[in-house]
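Residue numbers start at 1 and run along the sequence shown.
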Amino acid sequence: MIELFIGIILGIIFFGGLYLTVKKINQVKNPSVLFISSFIIRIALLLGGLYYISKKGYLGVLFALVGIILVKFVMIFIINKPNEKSTK
């Protein structure tokens with residue numbers, strides 16, 4: 001069950017990093033370098049974490065993937081949440 005929490009942490013790192021990259025993309029001189037380097041770092045951390053978990057068996061990877069997908073849906077909900085001020 002610890003794999004689920006590791007998956008949640010990996011999801012926060014991956015999707016949180018993506019969110020921060022997209023927010024900063026207009027503020028940098030060369031956005032393609034930021035995007036590519038962010039992607040490489042995020043995917044390396046994600047695959048490294050999944051590789052570490054895979055040594056314990058396929059069930060651990062399954063739990064980690066559930067945690068990652070859970071974070072994805074939570075972040076989509078948080079980001080798309082309408083402002084109370086904008087609806088009035």
Side-chain angles (χ1 to χ4, degrees):
M1 205 56 138
I2 189 77
E3 292 86 1
L4 179 68
F5 296 113
I6 293 173
I8 289 172
I9 291 169
L10 289 173
I12 290 170
I13 291 170
F14 187 83
F15 293 112
L18 177 61
Y19 179 74
L20 292 175
T21 301
V22 170
K23 296 243 339 160
K24 297 276 185 188
I25 203 105
N26 290 329
Q27 301 171 359
V28 295
K29 186 177 180 181
N30 198 349
S32 61
V33 172
L34 172 67
F35 193 75
I36 298 276
S37 60
S38 169
F39 174 74
I40 290 171
I41 291 169
R42 288 182 294 114
I43 203 74
L45 290 172
L46 182 68
L47 291 177
L50 288 175
Y51 177 73
Y52 173 75
I53 292 171
S54 72
K55 293 180 180 181
K56 297 181 181 182
Y58 73 93
L59 197 56
V61 175
L62 183 64
F63 278 121
L65 289 174
V66 167
I68 293 167
I69 293 169
L70 179 69
V71 169
K72 176 186 172 185
F73 286 122
V74 168
M75 287 197 66
I76 288 171
F77 177 76
I78 290 171
I79 292 171
N80 289 334
K81 188 176 178 183
N83 259 343
E84 293 178 14
K85 293 179 183 178
S86 67
T87 58
K88 290 184 180 180

Chemist: Of all the heavy-atom pairs spanning I53 and V61, show the shortest one and how long it is.
Modeler: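 Shortest heavy-atom separation between I53 and V61 comes out as CG2-N, 3.7 Å.
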
Chemist: How long is the span from the CG atom in L65 to the CG atom in L70, to the nearest 0.5 Å?
Modeler: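 One gets 12.5 Å once the value is rounded to the nearest 0.5 Å.
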
Chemist: Looking at every non-hydrogen atom in both residues, tell me the closest pair between I12 and V71 and how far apart they are.
Modeler: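 For I12 and V71, the tightest heavy-atom pair comes out as N-CG1, 3.7 Å.
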
Chemist: Quick check: do I8 and I68 have side-chain heavy atoms less than 4.5 Å from each other?
Modeler: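 They are not in contact (no side-chain heavy atoms under 4.5 Å apart), so the answer is no.
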
Chemist: How close do L50 and A64 get, heavy atom to heavy atom, and via which atoms?
Modeler: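 Taking every non-hydrogen atom into account, CD2-CB, 3.9 Å.
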
Chemist: Using atom types as modelled and distance alone, determine if a side-chain donor or acceptor of S37 lies under 3.5 Å from a backbone N or O of L34.
Modeler: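 Checking the backbone N and O of L34 against the side chain of S37, a donor-acceptor pair under 3.5 Å is found.
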
Chemist: Can you see which heavy atom on S38 is nearest to which on G17, and at what distance?
Modeler: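 So the minimum-distance heavy-atom pair works out to OG-O, 4.1 Å.
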
Chemist: Drop me the distance from Y52's OH to I6's CD1, to the nearest 0.5 angstrom.
Modeler: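 One gets 6.0 Å once the value is rounded to the nearest 0.5 Å.
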
Chemist: Going only through I, L, V, M, F, W and Y residues with side-chain contacts under 4.5 Å, is there a path from V66 to I2?
Modeler: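 Yes, one cluster joins them.
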
Chemist: What distance do F35 atom CZ and I40 atom CD1 have between them, rounded to the nearest 0.5 Å?
Modeler: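 Nearest 0.5 Å value for the CZ-CD1 distance: 11.0 Å.
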
Chemist: With hydrophobic residues grouped by side-chain heavy-atom distances under 4.5 Å, do L10 and I76 end up in a single group?
Modeler: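 Looking at the clustering, I76 is in a separate group from L10.
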
Chemist: Are F15 and I9 connected into the same hydrophobic cluster when the rule is that any two of I, L, V, M, F, W, Y join if their side-chain heavy atoms are below 4.5 Å apart?
Modeler: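 Each belongs to a different hydrophobic cluster.
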
Chemist: Can you tell if the side chain of F73 reaches within under 4.5 Å of the side chain of I69, non-hydrogen atoms only?
Modeler: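 With C-beta onward as the side chain, the pair touches.
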
Chemist: Rounded to the nearest 0.5 Å, how far apart are CZ of F14 and CE of M75?
Modeler: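 Rounded to the nearest 0.5 Å, the CZ-CE separation comes out at 11.0 Å.
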
Chemist: Strictly distance-based, threshold 3.5 Å: is any side-chain N or O of E3 a donor or acceptor partner for the main-chain N or O of M1?
Modeler: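 Yes; at least one donor-acceptor contact below 3.5 Å.
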
Chemist: If you measure from CD1 on I41 to CD1 on I36, what distance do you get to the nearest 0.5 Å?
Modeler: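 Atom-to-atom, I41:CD1 and I36:CD1 are 12.0 Å apart.
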
Chemist: Should I13 and R42 count as side-chain neighbours, where that means a heavy-atom distance under 4.5 Å?
Modeler: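 Side-chain contact under 4.5 Å: no.
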
